[in-house]
There are 2 protein chains.
Amino acid sequence: MFSQAAKYAIKSIIYIWTQSLEDRKVGVKEIASNIGAPEAFTAKILQNLSKANFIGSVKGPNGGFYSDESHAKVTLKDVIKLIDGDHLFSGCSLGLPKCSEKNPCPLHFEVVKVRKEIDIMLTSKSLKHLAVEVIKGLTQLNQI
Amino acid sequence: MFSQAAKYAIKSIIYIWTQSLEDRKVGVKEIASNIGAPEAFTAKILQNLSKANFIGSVKGPNGGFYSDESHAKVTLKDVIKLIDGDHLFSGCSLGLPKCSEKNPCPLHFEVVKVRKEIDIMLTSKSLKHLAVEVIKGLTQLNQI
DNA sequence: TATATTTCGGATAAATAAGTCTGTTATGTT
DNA sequence: AACATAACAGACTTATTTATCCGAAATATA
Ligand code: FES
Ligand code: FES
């Protein structure tokens with residue numbers, strides 16, 4: 001459903017939020033180890049997220065990544081679109097040139113329902129909110 | 001959502017059904033051209049489908065692929081599982097080692113809802129039924 | 001039996017995704 | 001100013017997916 005890169009991106013941002021909510025900036029090494037992802041690959045992804053202004057970053061000693069109110073409106077959907085493109089949200093799931101009600105593929109009408117649910121999943125809660133749930137112990141980013 | 005191979009597989013089987021319902025066996029060339037897929041790759045996929053008994057095949061002149069009542073219970077879900085594995089239906093969408101209510105990732109409860117809808121999409125109508133809809137002109141496998 | 005047709009099976013090639021490495025730039029500390 | 005730290009940028013490697021190629025096996029027809 002999501003690419004590896006997108007999974008790491010989502011977990012990274014949520015982890016960064018959990019730390020930013022306690023005013024801690026975090027480095028690649030810490031992020032990667034806490035979400036169970038390869039360090040170098042995570043670094044590449046964080047750079048993209050930073051360039052897209054989905055997170056903030058500061059170079060140098062005591063630098064690292066962070067999230068603040070200027071990033072609070074970024075949704076999971078934004079992240080997926082940035083990294084995986086929008087094939088999950090638009091275009092024909094069976095690969096027909098156009099997805100439409102007029103010329104629907106055999107799965108079209110069911111795909112529409114699935115996409116509605118996917119949209120809810122990726123837009124109903126903010127990344128910050130998801131981080132709060134992690135802090136509360138309701139959900140988690142890593143298992144031993 | 002689906003791999004290229006899975007898309008071609010789905011379209012191939014539905015196309016084969018549309019022809020089998022009129023007692024016509026079809027060859028790779030005809031299938032590939034009617035679903036807009038590369039011929040050699042389609043051939044490979046058809047071999048897998050045949051080996052898994054999701055379709056029937058006959059070698060030699062007047063041979064080709066077909067579907068009959070012995071294939072009528074194959075679902076879209078079976079096809080996806082064969083070709084893409086079951087990552088769409090089980091396992092954590094964010095890549096955690098285990099997907100469970102006890103140790104849920106931040107997306108778990110929403111993922112469950114999406115998966116329910118995906119399951120409906122892939123099991124509610126038989127491939128044969130989908131073929132009938134194509135025959136009736138309600139849906140289509142290819143656009144010009 | 002010879003031939004043409006069509007699937008089967010495995011090897012190979014090309015494209016994309018996943019992941020690594022290495023040097024550069026910015027910045028805080030001494 | 002010199003140094004250490006940590007993000008940035010781009011080239012590189014590896015793995016997987018997508019796609020092609022070619023010969024072997026099966027089978028209908030002449
Ligand atoms: S036409 Fe295929 S999903 Fe809409
Ligand atoms: S734990 Fe992640 S989807 Fe269930």
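Here the structure is a predicted model, which means the values were calculated and not measured. Chain letters run A, B, ... following the sequence lines, proteins first, then strands; residues in each count from 1.
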Student: Taking the side chain as every heavy atom from C-beta outward, state whether B/Leu107 and B/Val114 have any atom pair closer than 4.5 Å.
Tutor: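 No, their side chains stay 4.5 Å or more apart.
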Student: Less than 4.5 Å apart, side chain to side chain, heavy atoms only: is that true for B/Ser67 and B/Lys128?
Tutor: no
Student: Output the rounded distance in Å from CD (B/Gln47) to P (D/dT20).
Tutor: 14 Å
Student: Looking only at side-chain N and O atoms, does A/Ser50 come under 4.0 Å of OP1 or OP2 in D/dC8?
Tutor: yes
Student: Rounded off to whole Å, could you give me the CG-to-P distance for the B/Asn48 and D/dT17 pair?
Tutor: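 B/Asn48 atom CG is separated from D/dT17 atom P by 13 Å.
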Student: Can a cation-pi geometry be assigned to A/Lys25 and A/Phe65, taking NZ or CZ under 6.0 Å from the six-membered ring centre and within 45° of the ring axis?
Tutor: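 Judged by the rule (NZ or CZ under 6.0 Å from the ring centre, within 45° of its axis), A/Lys25 is not positioned above A/Phe65.
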Student: In this structure, how many angstroms lie between the P atom of D/dC8 and the CD1 atom of A/Ile45, rounded?
Tutor: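 Atom CD1 in A/Ile45 sits about 14 Å away from atom P in D/dC8.
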Student: Could you tell me the separation between the OH atom of A/Tyr66 and the P atom of D/dA6, rounded to a whole number of Å?
Tutor: 17 Å
Student: A/Arg24 CZ to D/dA6 C1': how many Å, rounded?
Tutor: 15 Å
Student: Measure CD1/A/Ile16 against C1'/D/dA6 and give the value in whole Å, please.
Tutor: 14 Å
Student: May I ask you to decide whether B/Glu110 forms a salt bridge with B/Arg115, counting only side-chain N to carboxylate O separations under 4.0 Å?
Tutor: no
Student: May I ask you to say whether A/Lys136 pairs ionically with A/Glu133, meaning some side-chain N is under 4.0 Å from a carboxylate O?
Tutor: no
Student: Going 5' to 3' through nucleotides 17-30 of chain C, assign each nucleotide B (protein heavy atom under 4.0 Å from a base atom), S (under 4.0 Å only from sugar-phosphate atoms) or - (no protein heavy atom that close).
Tutor: -SBB----BBBBS-
Student: May I have the distance from A/Lys29 (atom NZ) to D/dA7 (atom P), rounded to whole angstrom?
Tutor: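 Going from NZ in A/Lys29 over to P in D/dA7 covers 10 Å.
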Student: I need the CD-P distance between A/Glu30 and D/dA6, as an integer number of Å.
Tutor: 11 Å
Student: Of all heavy-atom pairs between B/Tyr66 and B/Ser57, which one has the smallest distance, and what is that distance?
Tutor: CE2-N, 3.4 Å
